[in-house]
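One structure below.
Chain identifiers are assigned alphabetically (A, B, ...) following the order of the sequence lines, protein sequences preceding nucleic acid strands; residue numbering begins at 1 within each chain. Since we're looking at a predicted model, the values are computed, not measured.
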Amino acid sequence: MNFWLMKTEPGAFSLDDLISRPGQIEPWDGVRNYQARNMMRDQMKVGDPVFFYHSNCEIPGIAGIVRIAREAYPDHTAFDPVHKHYDPGSSPENPRWLMVDVQFVRRLQRIISLAELKTHASALDGFALLRKGNRLSVMAVDARHWAFIEALETITQRG
DNA sequence: GCCAACGTTGGC
DNA sequence: GCCAACGTTGGC
């Protein structure tokens, strides 16, 4: 089993949006980065846990936990000429982009912010989210980093 | 709004 | 294959 973190802008699709979906499941479409696609294609398995990360918002951070509900399959939004994520280089016969389905698991008791994560730089050494200039929307999380971050949830942050 | 970091594109 | 130009991401 692998652990993951996936970013979304809550203004476009938030954890609350996922919760309100039928079955609390949603296709994770719109990934247009080869590295991220390859991780989804080659490594993501049904049941893998995922940190649901809110980016580009007032308090960037981890809002909840979701799980992979369906493994990689063609992202049809790439086929639609009027879609924002249209890619003429992708076709149903030869799909370039893939998506997975994610399902809501639980909300964290509090948002674990990027700022808070940064205060644990040594414990989280190597965590991709904290690497400078990282812009990947899908990233793997080491098991020990996952456990550390989950443990932070119930610790009242001082400061 | 600014801007650093990064990926992609395309001319050569 | 090189690399400048460009677009995007995303924290601040």
Side-chain angles (χ1 to χ4, degrees), chain A residues 2-19 21 26-44 48-66 68 72-102 104-105 107-142 145-146 148-153 155-159:
Chain A
N2 291 304
F3 296 90
W4 305 98
L5 180 146
M6 295 167 88
K7 292 180 188 172
T8 175
E9 300 190 16
F13 186 77
S14 68
L15 188 62
D16 283 336
D17 292 328
L18 177 62
I19 289 170
R21 290 294 193 269
E26 179 79 357
W28 201 267
D29 60 29
V31 172
R32 297 293 181 269
N33 173 283
Y34 288 103
Q35 246 184 292
R37 180 204 67 182
N38 293 349
M39 283 191 284
M40 293 196 299
R41 182 189 63 196
D42 302 333
Q43 294 176 260
M44 275 189 176
D48 280 0
V50 183
F51 281 141
F52 194 101
Y53 180 89
H54 282 168
S55 67
N56 229 331
C57 55
E58 192 176 355
I59 303 176
I62 299 167
I65 294 175
V66 302
I68 302 301
Y73 61 105
D75 180 347
H76 58 82
T77 65
F79 309 147
D80 179 356
V82 299
H83 197 281
K84 182 185 172 192
H85 297 300
Y86 175 59
D87 178 0
S90 187
S91 66
E93 298 74 31
N94 193 10
R96 174 180 291 175
W97 303 113
L98 305 173
M99 60 189 181
V100 297
D101 287 357
V102 301
F104 176 72
V105 173
R107 195 191 296 279
L108 295 190
Q109 295 172 35
R110 60 189 187 86
I111 288 185
I112 300 179
S113 70
L114 178 63
E116 179 178 355
L117 292 169
K118 282 181 172 175
T119 68
H120 300 288
S122 59
L124 295 175
D125 185 43
F127 183 32
L129 185 71
L130 301 185
R131 223 172 287 147
K132 186 175 161 188
N134 171 69
R135 301 183 319 169
L136 271 184
S137 61
V138 176
M139 56 186 73
V141 180
D142 289 350
H145 290 157
W146 179 281
F148 181 86
I149 292 166
E150 256 199 303
L152 288 178
E153 181 186 6
I155 296 171
T156 303
Q157 203 199 2
R158 284 169 292 183

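Partners of A/D80 according to the side chain to side chain donor-acceptor pair (under 3.5 Å) rule, which considers only residues two or more places apart in sequence or in another chain, do not exist here.
In this structure, A/S113 contributes its side chain and A/I59 its backbone to no donor-acceptor pair below 3.5 Å. Panel note: side chain A/D29, backbone A/H76; no donor-acceptor pair is recorded below 3.5 Å. In this structure a side-chain-to-backbone donor-acceptor pair under 3.5 Å is missing from A/K118 to A/L130.
Near DNA chain B, meaning a heavy atom under 4.0 Å away, the residues from residues 128-137 of chain A are A/K132, A/G133, A/R135.
Tested against A/I62, the residues A/I149, A/L152, A/I111 include a single side-chain contact (heavy atoms from CB on, under 4.5 Å) partner, A/I149.
Checked against a 6.0 Å centroid threshold, the rings of A/F52 and A/W4 do not count as neighbours.
Here the closest non-hydrogen pair linking A/M39 and A/L136 is CE-CD1, 4.0 Å.
Think of the region where chain A sits on DNA chain B: with heavy atoms and a 4.0 Å cut, that region ends 5' and 3' at B/dA5 to B/dT8.
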